There are 2 protein chains.
Amino acid sequence: MLDNIDKLIIEELSKNSRITMKKLGERVHLTGQAAASRVLKLEESGIIEKYTVTINQAKLNCLIHAFITIRLNNPYHQSFLSFIKTQEHYILNTYKVSGDGCYILESRFPSNEVLDQFLVSLNEYANYNLSIVINKQN
Amino acid sequence: MLDNIDKLIIEELSKNSRITMKKLGERVHLTGQAAASRVLKLEESGIIEKYTVTINQAKLNCLIHAFITIRLNNPYHQSFLSFIKTQEHYILNTYKVSGDGCYILESRFPSNEVLDQFLVSLNEYANYNLSIVINKQN
DNA sequence: TAAAATACTTTCATAATTCAAGTGAATCAT
DNA sequence: ATGATTCACTTGAATTATGAAAGTATTTTA
């Protein structure tokens, strides 16, 4: 289904999604038009989901990066999930998981104070386990 | 440092980093040229780190998405970290964390068999705790 | 083996980008 | 206060990329 050229295209777009089709074509030994039509197919097939940007959160004063494992005692998750939706400013990702917890949240906070406030509110809905990121390995 | 227009620009680029500068300008009521020069500044200041693409891993036959919490018994992490580097095909991200574990790995595997093999190898270096993602909440 | 489909190239009109020059407002030194 | 500098922007023009259409060669299908 995906040949080597498609894989190269995905690799190049992962490195820099704003590359022009012409240059992308050069990298994979195709014309810009041929590259563009392959990319269009990758989009239509849903393999390429979206083009996005990675932001240095620390420079935006979101210094605290944390994973929060959630344990819910009751089977009614909706109120917890609704609460999380109100906090979307801080929550990068919410994963429903098997294993130790019910959910894993990936989160960003500008300060310990804000994190503390969040955790106090969170505690009304769930027990949690906090892992603060010290460093992301390259 | 960042005004509202910059925030809007970051938001738009997060939604679609392949937007043309002309259209991006329209969204924030600027000319394409002005939008491009703001984007350039965001890049030079390091706030925009890179433009990338999100890929539907399931469609690439990487069906299993898991978080693995790592506990190391000994203080010599290097052999573990070297091992992880050899497995980069499966490891999306490695975070050093405070809290329950020493590291959190975000990983992708094409099958249970491959995951099993990985865990067997991993066990030579560390104890772990596996959380398989059932679902990512929108 | 003929027809159809696929993946590509070439060509060209259209559109976006980039560069240079110019405007107006805010800041700064005198 | 005022002239100079800087800043963020616009305008205009040359350069470059895109997208559509037509054409080619190879593979697939019936």
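Please read these numbers as outputs of a predicted model, since none were measured by experiment. Numbers restart at 1 for each chain; the letters A, B, ... are given by sequence-line order, proteins then strands.
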Given D:dC9, C:dC8, D:dA8, the nucleotide with the shortest approach to the side chain of B:K41: D:dA8

Enclosure of B:E49 CD (heavy-atom neighbours >12, cutoff 6.0 Å): yes

side-chain N/O B:T31 vs D:dC9 OP1/OP2, d < 4.0 Å: no

Sugar-phosphate, base or nothing in reach of B:K23, heavy atoms under 4.0 Å: nothing

A:L40 CG to C:dA7 P, straight-line distance once rounded to whole Å: 13 Å

Under 3.5 Å donor-acceptor pair, B:Q33 side-chain atoms to C:dT18 base atoms: yes

Value in whole Å for how far the C1' atom of D:dA20 lies from CE of A:M21: 17 Å

Distance-only side-chain donor-acceptor flag, A:Y95 / B:H65, under 3.5 Å: no

Options C:dA16, D:dT18, C:dC8, nucleotide nearest the side-chain atoms of B:K22: C:dA16

Spacing of B:H29 atom NE2 relative to D:dC9 atom C1', expressed in whole Å: 16 Å

Greater than 12 external heavy atoms within 6.0 Å of B:Q117's CD: no

Residues A:K85 and A:E88 bridged, charged N to O under 4.0 Å: no

A:E43 CD - D:dG19 C1' separation (whole Å): 14 Å

